[in-house]
Amino acid sequence: MPYWLMKSEPDEVSFDDVLAAPEQTVAWFGVRNYQARNFMRDQMQVGDGILFYHSSCAVPGVAGIAEVASGPYPDATQFDSAGKYFDPQATPAQPRWISVDVRAKEKGRYLPLSDMRAIPALEDMVLLQKGSRLSISPVTSGQWNTILAFIREQR
DNA sequence: GCCAACGTTGGC
DNA sequence: GCCAACGTTGGC
C-alpha cells in the first residue's frame with residue numbers, strides 16, 4: 001500500500017513547518033489511535049507517498065506532498081509526563097505509540113476538502129467516507145494520481 | 001460552539 | 001463479552 005493520507009493540525013505542524021525543518025523532515029508524533037499506529041508500524045515503507053492534509057482549521061484540505069522517510073520507532077512524546085501526548089502506561093521498554101519521519105516533497109495548489117468532495121474519482125477515498133476520522137488512511141494509486149494532477153494544475 | 005460519529009473504558 | 005457512558009475528532 002504505497003500511498004497514504006496523513007492529517008495534521010496546521011496550528012501544531014503545518015506543511016510549511018515541514019518545508020522549513022532541517023532536511024524538510026519531521027517526526028510524525030502524537031498518533032494515539034491503534035489503527036493509524038498499525039498502518040505506520042506494519043505497512044508503511046520508506047519512500048511511500050503521503051498526502052499532507054490540514055485538519056481542524058478554517059479550510060481543511062491537502063496542503064502538499066511528502067514521503068515516508070524512516071521506519072517506525074517509538075514516539076518520544078508518550079514518555080513526556082509534562083506533555084499532552086503522555087501515556088502513563090507506556091515505558092521505553094514497552095512503548096505503545098510510534099512515529100515515522102516524514103519529508104516534504106512538493107507544495108502545489110492547495111486542494112480544499114470541499115473540492116475533493118466534488119471530484120467523482122475521489123468518492124471512495126477513506127477520508128471522504130461518512131464518519132471517517134482516521135488520522136492516517138490508505139490512498140489508492142488512482143486517487144493519488146487524481147490529486148497530484150489537481151495539485152499541479154496551473155491557476 | 002455545536003454535534004454526529006467514532007473509539008475507549010469499565011461495571012456487570 | 002456486552003453495552004452505556006464518556007471522551008475525542010473534525011467539519012461546519
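Numbered from 1 within each chain, the chains take letters A, B, ... in sequence-line order. None of these values were measured; they are calculated from a predicted model.
Residue A:Tyr53 places none of its side-chain N or O atoms closer than 4.0 Å to OP1 or OP2 of C:dT9. An OP1 or OP2 oxygen of C:dT9 is reached within less than 4.0 angstrom by no side-chain nitrogen or oxygen of A:Lys7. An OP1 or OP2 oxygen of B:dA5 is reached within less than 4.0 angstrom by a side-chain nitrogen or oxygen of A:Lys130.
Under the 3.5 Å distance criterion, with hydrogens and angles disregarded, a donor-acceptor pair is assigned to the side chains of A:Thr77 and A:Arg32. Side-chain contact, A:Trp28 with A:Asp101: no donor N or O sits under 3.5 Å from an acceptor N or O.
Going from atom CD of A:Glu12 over to atom P of C:dT8 covers 15 Å, rounded to whole Å. Atom C1' of nucleotide C:dT8 and atom OH of A:Tyr85 are separated by 12 Å, given to the nearest angstrom. C:dG10 atom P lies 14 Å from atom CE of A:Met116, rounded to whole Å. One can place NE2 of A:His54 at 15 Å from C1' of C:dG10, the figure rounded to the nearest angstrom. Whole-Å rounding puts the A:Glu9 CD to C:dT9 C1' distance at 9 Å. Taking atom CG of residue A:Leu127 and atom P of nucleotide C:dT9, one finds them 16 Å apart after rounding to whole Å. One atom, CG of A:Leu5, and another, P of C:dG10, lie 11 Å apart when rounded to the nearest Å. Taking atom CD on A:Gln35 and atom P on B:dC6, their separation rounds to 12 Å, with Å as the unit.
Considering only side-chain atoms of A:Tyr34, the nucleotide from C:dT8, C:dG11, B:dT8 that sits closest is B:dT8. Distance from the side chain of A:Asn33 is smallest for B:dG7 among the nucleotides C:dC12, B:dG7, C:dG10.
The pair A:Glu123-A:Arg117 does not count as a salt bridge, with every side-chain nitrogen at least 4.0 angstrom from each carboxylate oxygen.
The base of C:dT8 does not come close enough to the side chain of A:Arg32 for any donor and acceptor atom to sit less than 3.5 Å apart.
Enclosure of atom CD in A:Glu12 by more than 12 non-hydrogen atoms of other residues, nucleotides or ligands within 6.0 angstrom is indicated.
In this structure, A:His54 and A:Tyr110 have tilted ring planes: the angle between them lies in the 30° to 60° band.
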